[in-house]
Amino acid sequence: MNTTAIWQKIEKLLEKTEHSNLVAISRADFEEAMKDASDFAYVEIENIAFPDLLEKLRKELAALPMHSVRNGVLRIGTASDSADGELSADNMCGLLKTVQEFTSGAKLIWGLDVDPAISSGCYSVAVVFAMSGR
């Protein structure tokens, strides 16, 4: 995916998450995480239930050159803020641990928001990584 396409996806991610009533990612935090990056990697997985989400995320991350990741920004979308859309602590920890497996030592900012396009009991994940040229 080229840099322009990644930035278009990032803008959509920020639009969804910046004004979240749950856990927002501010544009300033995002820009700080991405500054001085020589390249970017982007992964998006939509509308899938746990544990399949973790398995698919692991496969996507394994295909990337993760040795040069400095920082990451993770957006988690849920179906609603009612009981059927709640993200359990176990699932949240599973997501963060999965990303950490591939980005040891990198800083990670995450946000959670409601996305009405997601089916009940499913979630979406979008993550962008700032890569270092070193």
Side-chain angles (χ1 to χ4, degrees):
M1 184 179 295
N2 68 37
T3 304
T4 302
I6 290 173
W7 277 106
Q8 289 170 346
K9 296 230 179 231
I10 291 168
E11 281 300 321
K12 288 169 81 175
L13 178 148
L14 285 171
E15 285 173 18
K16 288 181 177 180
T17 313
E18 200 169 24
H19 304 291
S20 172
N21 290 332
L22 300 175
V23 180
I25 298 171
S26 75
R27 188 169 294 273
D29 286 344
F30 179 83
E31 289 173 358
E32 177 66 23
M34 297 294 117
K35 76 176 184 183
D36 301 326
S38 62
D39 200 4
F40 302 92
Y42 185 85
V43 173
E44 186 171 38
I45 301 168
E46 296 183 313
N47 209 22
I48 190 167
F50 281 92
D52 296 337
L53 176 64
L54 295 179
E55 183 179 324
K56 186 166 175 109
L57 180 60
R58 192 171 278 113
K59 285 180 184 176
E60 295 277 343
L61 294 176
L64 294 173
M66 301 302 284
H67 61 278
S68 63
V69 170
R70 291 187 312 109
N71 296 317
V73 177
L74 172 70
R75 176 251 176 195
I76 305 159
T78 182
S80 72
D81 54 6
S82 66
D84 67 337
E86 287 180 0
L87 183 64
S88 73
D90 287 344
N91 287 345
M92 184 67 216
C93 287
L95 273 171
L96 295 174
K97 283 180 181 178
T98 299
V99 173
Q100 184 194 25
E101 285 176 32
F102 295 91
T103 60
S104 183
K107 295 178 188 171
L108 184 65
I109 298 170
W110 64 275
L112 176 67
D113 66 279
V114 173
D115 186 342
I118 299 172
S119 302
S120 179
C122 292
Y123 303 89
S124 292
V125 171
V127 61
V128 61
F129 297 102
M131 314 296 267
S132 172
R134 297 184 247 151

Using 0.5 Å steps for rounding, measure from the [atom1] atom of [X] to the [atom2] atom of [Y].
X      : Y      : atom1 : atom2 : value
Asp29  : Asn71  : CG    : CG    : 11.0 Å
Ser132 : His67  : OG    : NE2   : 9.0 Å
Ser124 : Asp113 : OG    : CG    : 9.0 Å
Leu112 : Leu74  : CG    : CG    : 9.5 Å
Ile109 : Glu32  : CD1   : CD    : 8.0 Å
Tyr42  : Leu64  : OH    : CG    : 12.5 Å

Which heavy-atom pair separates [X] from [Y] by the least distance, and what is that distance?
X      : Y     : value
Ser119 : Asn47 : N-OD1, 2.7 Å
Glu101 : Arg58 : OE2-NH2, 2.9 Å
Gly121 : Ala49 : O-CB, 3.7 Å

Task: Shared hydrophobic cluster for Ile118 and Val125 (ILVMFWY, side-chain gaps under 4.5 Å) - done: no

- [ ] Name all pairs fulfilling the salt bridge (charged side-chain N to carboxylate O under 4.0 Å, His left out) condition that reach into residues 48-57, sequence neighbours left out, sorted by first residue then second.
- [x] Glu55-Lys59

- [ ] Take atom CD of Gln100 as the centre, draw a 6.0 Å sphere, and report whether it contains more than 12 heavy atoms from other residues, nucleotides or ligands.
- [x]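 Count not over threshold, so no.
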
